[in-house]
Novice: 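Quick one: the structure is below, and I'll ask about it shortly.
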2 protein chains.
Amino acid sequence: MSAECPSREVLQHVTSRWGVLLLVVLMGGMHRFSELRRAIPDISKRMLTQTLRDLERDGLAARRVFPTKPPSVEYRLTALGNSLLEPLTALVMWAERSQTKIKRARAEFDGATAAGA
Amino acid sequence: MSAECPSREVLQHVTSRWGVLLLVVLMGGMHRFSELRRAIPDISKRMLTQTLRDLERDGLAARRVFPTKPPSVEYRLTALGNSLLEPLTALVMWAERSQTKIKRARAEFDGATAAGA
DNA sequence: CTGCATCCCCACGGATACTG
DNA sequence: CAGTATCCGTGGGGATGCAG
């Protein structure tokens with residue numbers, strides 16, 4: 001668990017703010033740049049490009065450019081990216097299953113600290 | 001995948017920089033505050049406390065205080081926290097399995113962009 | 001030992017404008 | 001449409017000090 005532990009760096013990328021979301025969307029198949037923007041409305045062009053680049057750099061996503069009149073670019077998961085699919089969806093599903101419990105725990109906690117002495 | 005999607009918030013906590021690490025350590029059983037510091041050398045007191053509080057607030061970890069001479073505090077996972085164990089370790093194991101491939105992909109990518117036109 | 005509060009810095013990330 | 005460059009604010013998070 002030391003700072004040098006290599007998997008920590010890997011985890012950081014995979015669990016980064018936008019990384020997870022992008023990966024989840026890409027798990028649905030290939031998508032164009034603008035499609036990704038629409039899929040995640042609150043991401044900026046800047047962050048979308050940058051996060052995409054990180055995923056590409058880590059060999060998780062592949063970029064394919066079509067030199068059409070208005071250029072279009074497609075992104076899809078690589079084999080490595082697909083191997084992440086299972087553990088990641090497991091985590092996402094856990095999050096969905098647990099959100100109610102967490103919400104309740106949070107409300108209780110806040111109530112306790114606010115009221116409770 | 002909208003900004004309001006509740007699971008996004010949940011994921012953010014669980015996948016936060018120190019959250020993952022703390023959870024992984026706590027999966028090994030109960031730990032004292034100072035033990036956690038030693039387990040994750042590069043976390044500051046401040047962040048340790050804060051992250052612990054977040055986990056507690058979300059009902060993932062439980063805090064137990066012993067009013068001994070020098071006070072001691074123990075942290076352990078709750079039932080909800082334990083339910084996260086499986087998906088999270090799956091992800092960590094994936095990270096460990098894949099780190100070599102990712103390192104290679106990264107080297108190749110950097111080499112290509114540096115040299116390649 | 002545990003854990004708040006304060007100060008402070010920097011990089012994460014948003015908005016905007018420009019190019020191919 | 002896709003991507004880059006620039007500017008700049010916010011807050012994450014480190015260091016330190018005090019308190020129970």
Side-chain angles (χ1 to χ4, degrees), chain A residues 2-3 8-9 11-22 25-26 30-58 61-76 109-110 112-114 116-117, chain B residues 1-3 8-9 11-22 25-26 30-58 61-76 109 112-114 116-117:
Chain A
S2 73
R8 275 184 49 173
E9 187 190 4
L11 275 177
Q12 274 317 303
H13 272 167
V14 163
T15 65
S16 75
R17 178 171 184 195
W18 302 114
V20 207
L21 301 184
L22 230 34
V25 174
L26 285 176
M30 86 168 49
H31 284 74
R32 298 190 42 182
F33 188 84
S34 44
E35 288 175 337
L36 293 171
R37 288 197 73 181
R38 259 174 278 124
I40 308 175
D42 56 340
I43 192 177
S44 67
K45 235 190 321 179
R46 191 186 194 284
M47 278 301 103
L48 179 54
T49 305
Q50 185 172 305
T51 310
L52 243 15
R53 276 293 217 266
D54 288 344
L55 294 181
E56 195 189 349
R57 196 175 106 100
D58 284 358
R63 181 169 173 267
R64 190 140 164 247
V65 185
F66 296 89
T68 49
K69 264 286 250 21
S72 77
V73 181
E74 285 179 355
Y75 292 89
R76 62 161 74 194
F109 184 88
D110 290 347
T113 47
Chain B
M1 204 47 63
S2 73
R8 274 185 52 173
E9 186 191 4
L11 274 177
Q12 275 318 304
H13 273 168
V14 163
T15 65
S16 76
R17 177 169 184 198
W18 302 114
V20 208
L21 302 184
L22 231 33
V25 174
L26 287 177
M30 85 166 52
H31 284 74
R32 299 190 41 185
F33 188 84
S34 45
E35 288 176 336
L36 293 172
R37 288 197 73 180
R38 259 174 277 122
I40 307 174
D42 55 340
I43 192 177
S44 67
K45 235 191 321 178
R46 190 183 193 281
M47 276 302 102
L48 179 53
T49 304
Q50 183 172 309
T51 311
L52 243 16
R53 273 296 215 263
D54 288 344
L55 294 181
E56 197 190 346
R57 197 174 106 99
D58 284 0
R63 181 168 173 267
R64 189 141 164 244
V65 184
F66 295 89
T68 51
K69 264 281 257 4
S72 77
V73 181
E74 285 179 354
Y75 292 91
R76 63 162 73 196
F109 184 87
T113 46

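Chain naming here is simple, since letters A, B, ... match the order of the sequence lines and numbering starts at 1 in each.
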Novice: By the 4.0 Å heavy-atom rule, please label A:R63 as base, sugar-phosphate, or nothing.
Specialist: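 Sugar-phosphate contact only.
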
Novice: As a test of understanding, state which of B:L48, B:T51, B:L21 forms a side chain to side chain contact (heavy atoms under 4.5 Å, CB included) with B:L36.
Specialist: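 Of B:L48, B:T51, B:L21, side chain to side chain contact (heavy atoms under 4.5 Å, CB included) with B:L36 is met by B:L48 alone.
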
Novice: Determine the minimum heavy-atom distance between A:K45 and A:R37, stating which atoms define it.
Specialist: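 In terms of heavy atoms, the two residues are closest at CG-NH1, 3.3 Å.
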
Novice: Is the count of non-hydrogen atoms from other residues, nucleotides or ligands lying under 6.0 Å from A:R57 atom CZ greater than 12?
Specialist: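 More than 12 within 6.0 Å, yes.
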
Novice: Mind listing the closest non-hydrogen atom pair of B:P71 and B:R32 along with its distance?
Specialist: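 Closest pair (atom of B:P71, atom of B:R32, distance): O-NH2, 4.4 Å.
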
Novice: Please state how far atom CD1 in A:I40 lies from atom C1' in C:dG13, giving the value in whole angstrom units.
Specialist: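 Value for this atom pair: 15 Å.
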
Novice: Can a side chain N or O of B:S34 be found less than 4.0 Å away from OP1 or OP2 on C:dT2?
Specialist: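 Result: yes.
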
Novice: Return the 5'-most residue of the pair A:P71, B:S72 with respect to DNA chain C, ranking by each residue's nearest nucleotide.
Specialist: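 Residue closer to the 5' terminus by nearest nucleotide: B:S72.
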
Novice: Considering only heavy atoms of chain A and a distance under 4.0 Å, specify the first and last nucleotide of DNA chain D in 5' to 3' order that meet this criterion.
Specialist: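 Range of nucleotides touched by chain A: D:dC1 to D:dT6.
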
Novice: Expressed as a whole number of angstroms, how long is the span from A:M47:CE to C:dA15:C1'?
Specialist: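 Spelled out: CE on A:M47 to C1' on C:dA15 is 12 Å.
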
Novice: Whole-Å distance between C:dA11 P and A:Q12 CD?
Specialist: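 It works out to 16 Å between those atoms.
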
Novice: Hey, does A:F66 reach any base, or is it just sugar-phosphate, or nothing, if we go heavy atoms under 4.0 Å?
Specialist: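 Since no nucleic acid heavy atom lies under 4.0 Å of A:F66, the category is nothing.
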
Novice: B:I43 has an atom CD1; how far is it from atom C1' of C:dG3, in whole Å?
Specialist: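 Taking CD1 of B:I43 and C1' of C:dG3, I get 13 Å after rounding.
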
Novice: To the nearest Å, how far apart are A:F33 CZ and C:dG20 P?
Specialist: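 Distance check: A:F33 CZ to C:dG20 P gives 18 Å.
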
Novice: Pick the nucleotide of DNA chain D nearest each of A:V65 and B:R17; which residue has the one closer to the 5' end?
Specialist: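 By nearest-heavy-atom nucleotide position, the 5'-most residue is A:V65.
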
Novice: Picking from B:R63, B:M30, B:H31, what satisfies side chain to side chain contact (heavy atoms under 4.5 Å, CB included) with B:Y75?
Specialist: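 Checked B:R63, B:M30, B:H31 against B:Y75; only one passes side chain to side chain contact (heavy atoms under 4.5 Å, CB included): B:R63.
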
Novice: Examine C:dC4: is either OP1 or OP2 under 4.0 Å from a nitrogen or oxygen in the side chain of B:R53? Give yes or no.
Specialist: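 Affirmative; the distance criterion is met.
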
Novice: Using a cut-off of less than 4.0 Å, is there contact between a side-chain N or O of B:T49 and OP1 or OP2 of C:dG3?
Specialist: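 Negative; the distance criterion is not met.
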
Novice: Quick check: closest heavy atoms across A:V65 and A:P67, and the distance to 0.1 Å?
Specialist: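 Scanning both residues completely, I find the closest heavy atoms to be O-CD, 3.8 Å.
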
Novice: Rounding to a whole Å, what distance do you find between B:R46:CZ and C:dT6:P?
Specialist: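 Computing the B:R46:CZ to C:dT6:P distance gives 11 Å.
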
Novice: B:Q50 CD to C:dC4 C1': how many Å, rounded?
Specialist: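 Checked: the CD to C1' distance equals 12 Å.
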
Novice: For A:K45, report the nucleic acid contact type (base, sugar-phosphate, nothing); a contact means any heavy atom under 4.0 Å.
Specialist: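 Since a base atom lies under 4.0 Å of A:K45, the category is base.
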
Novice: Rounded to whole angstroms, how far apart are CG on B:L52 and P on C:dC4?
Specialist: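 Going from B:L52 (CG) to C:dC4 (P), I get 10 Å.
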
Novice: If you round to the nearest 0.5 Å, how far is CD of B:Q50 from CG of B:L55?
Specialist: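 It comes to 11.0 Å.
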
